[in-house]
*Asks:* 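Here's a structure for you.
Remember, it's 1-based here, ligands and their atoms both numbered in the order they're listed.
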Amino acid sequence: MPIYDRIVVLTGAGLSAESGVSTFRDPAGIWAKYDWREVATPEGFERNPDAVHDFYNMRRRLHTSITPNAAHFALARLEAEHGGVVIVTQNVDALHEAAGTKSLIHMHGEALKAFCSYCASRHAWHIDLATSTPCPSCAKTGGMRPDVVWFGETPYDLGRISDLLLTCDLFVSIGTSGHVYPAAGFVTEAKASGARTIELNLEPSQGASLFDEAIYGPATDVVPRFVERMLGANG
Ligand code: OAD
C-alpha cells in the first residue's frame, strides 16, 4: 500500500457495535425500537422533552459499561504510529477518545455533553438530564439538552471537515450504512479531491460503488488488519 500523508477516517455505528452499542438501521437497531422523529428531531424535543431526555439518558448511562473494542484501539494506533490521521465520527459515544484517539471530530455531537439553549454554554455531562435541570452557567431551567445533532440540524465542524476532505489523499469509511447526509457524501468530496477511497463495513453500504476498494467483515477483525497493512507499508 502506498504511503499516505493525510488520512480522513469517517466512522459510524458499526464501529461501536461490538462494544455493545446498537447500530441504527440493522434489523434489531435503534430505529427499529424508537421513532427517530420523536427522539432525534428538534420538533420531537419540543413535543415531548421527557421522552427525548429518557432516550439520551439511556445512551449516556451506557458509558458505565461499554469499553472500546479492537477497532477503536487500532485506529488510535494508526494515528499514533502513522500520523496525519483525523477521525470524523458520527457516533455520539466516547469510545474513540477512550481508546486514545486525539484528532477527533464528533460531527453529530457527544452523549457525554450537554448544551444550554439559553446561554449557549456547553458542559461535560455524565448524569441524567431533565427539563428541571438548571444550566450550570446561567442557572435557568428548561433549556438544557443533550449536545447532539438531531435530524434537521447542521452537523458540527462541517467547514473543517470540508477542508480535510479537500486535502486528504486517503479517505476511509468504517461501519456506516451511508444513509445519512452530509456524511454519506464525504466519499464523493474526497474522490473529487483525488483521494483514494476505501470502505470497511460488515456489508456493502448504500454508497459502496463509490469506493475504490471495499473490505467486508466485523470491525474488530477488518480494522486491525487494515491498520497493520497501513503501518507495514510505512515501515
Ligand atoms: P447505521 O445503523 O445506519 O449503519 C451501521 C452500519 O454498520 C451498517 O452498514 C452495518 O452493516 C454496519 N455494521 C454493523 N455491525 C458491524 C460490525 N460489527 N462491524 C462493522 N460494521 C458493522 O449507522 P450510521 O451509518 O452510523 O444520526 O448512522 C448514521 C447516523 O444515522 C447516526 O449518526 C445517527 C443515525 O440516525 C443521528 O441520530 C442524527
*Asks:* I need the nearest protein heavy-atom contact for atom 17 (C) of ligand 1: residue, atom name and distance, please.
*Replies:* G14 O, 3.4 Å

*Asks:* Does ligand 1 have any atom sitting under 4.0 Å from a heavy atom of P218?
*Replies:* yes

*Asks:* Would D93 and R59 count as a salt bridge (Lys or Arg N to Asp or Glu O under 4.0 Å) here? Give the steps.
*Replies:* CA-CA 8 Å; D93 67 54; R59 306 207 70 203; over 6 Å; no

*Asks:* Any idea which protein heavy atom is nearest atom 29 (C) of ligand 1, and the distance to it?
*Replies:* Q90 OE1, 3.3 Å

*Asks:* To the nearest 0.1 Å, how far is atom 1 (P) of ligand 1 from its closest protein heavy atom, and which atom is that?
*Replies:* S177 OG, 3.6 Å

*Asks:* Looking at NE2 of H106 and CD of E97, how far apart are the two atoms once the value is rounded to the nearest 0.5 Å?
*Replies:* 3.5 Å

*Asks:* So if I apply the side-chain hydrogen bond (donor to acceptor under 3.5 Å, both in side chains) rule between D147 and each of H123, K113, R122, which one comes out positive?
*Replies:* R122

*Asks:* Would you kindly check if the NZ (Lys) or CZ (Arg) of R145 is within the cone defined by 45 degrees around the ring axis of F55 and under 6.0 Å from the six-membered ring centre?
*Replies:* no

*Asks:* Do D128 and R61 meet the salt-bridge criterion of a basic N to acidic O distance under 4.0 Å?
*Replies:* yes

*Asks:* Can an N or O of A13 be found at a distance shorter than 3.5 Å from an N or O of ligand 1?
*Replies:* yes

*Asks:* Has W36 got any heavy atom lying under 4.0 angstrom from an atom of ligand 1?
*Replies:* no

*Asks:* Evaluating non-hydrogen atoms only, which member of H108, E203, M107 is closest to atom 11 (O) of ligand 1?
*Replies:* E203

*Asks:* Which option, H179, E18, R25, owns the non-hydrogen atom nearest atom 28 (O) of ligand 1?
*Replies:* R25

*Asks:* Can you confirm whether or not the ring centre of F45 sits under 6.0 Å from the ring centre of H53?
*Replies:* yes

*Asks:* Which ligand 1 atoms are under 4.0 Å away from a heavy-atom of D26?
*Replies:* 10 (C), 11 (O), 14 (C)

*Asks:* Could you check atom 9 (O) of ligand 1 against the protein and tell me its nearest heavy-atom contact, residue, atom and distance included?
*Replies:* N201 ND2, 2.9 Å

*Asks:* Can you report which non-hydrogen protein atom sits closest to atom 2 (O) of ligand 1, along with the distance?
*Replies:* F24 N, 2.7 Å

*Asks:* Ligand 1 and A219, any nitrogen or oxygen pair closer than 3.5 angstrom?
*Replies:* yes

*Asks:* Which protein non-hydrogen atom lies closest to atom 24 (P) of ligand 1, naming both residue and atom, and how far is it?
*Replies:* T176 OG1, 3.8 Å

*Asks:* Which atoms of ligand 1 sit under 4.0 Å from any heavy atom of V149?
*Replies:* 39 (C)

*Asks:* I need the atoms of ligand 1 closer than 4.0 Å to a non-hydrogen atom of G12, numbered in the order shown.
*Replies:* 26 (O)

*Asks:* To the nearest 0.5 Å, how far apart are CG in L202 and CG in D26?
*Replies:* 7.5 Å

*Asks:* N/O to N/O below 3.5 Å, does that happen between L202 and ligand 1?
*Replies:* yes

*Asks:* At the 4.0 Å heavy-atom cut-off, does G175 count as touching ligand 1?
*Replies:* yes

*Asks:* Which one holds for V180 and ligand 1: side chain close, backbone close, both close, or neither close, with close meaning a heavy atom under 4.0 Å?
*Replies:* side chain

*Asks:* Nearest 0.5 Å please: distance from the CZ atom of R160 over to the CD1 atom of I105.
*Replies:* 3.5 Å

*Asks:* Could you tell me the separation between the CG atom of D54 and the CG atom of L129, rounded to the nearest 0.5 Å?
*Replies:* 11.0 Å

*Asks:* Using the six-membered ring wherever Trp is involved, compare the ring planes of W150 and Y56 and label them parallel, tilted or perpendicular (cut-offs 30° and 60°).
*Replies:* tilted

*Asks:* Taking atom CZ of F186 and atom CG of L164, what is their separation to the nearest 0.5 Å?
*Replies:* 9.5 Å

*Asks:* Any idea which atoms of ligand 1 are less than 4.0 Å away from a heavy-atom of W31?
*Replies:* 35 (C), 36 (O), 38 (O)

*Asks:* Applying a heavy-atom cut-off of 4.0 Å, say which part of A17 lies close to ligand 1: side chain, backbone, both or neither.
*Replies:* side chain

*Asks:* Less than 4.0 angstrom from a charged side-chain N to a carboxylate O is my criterion; do E38 and R47 meet it?
*Replies:* yes

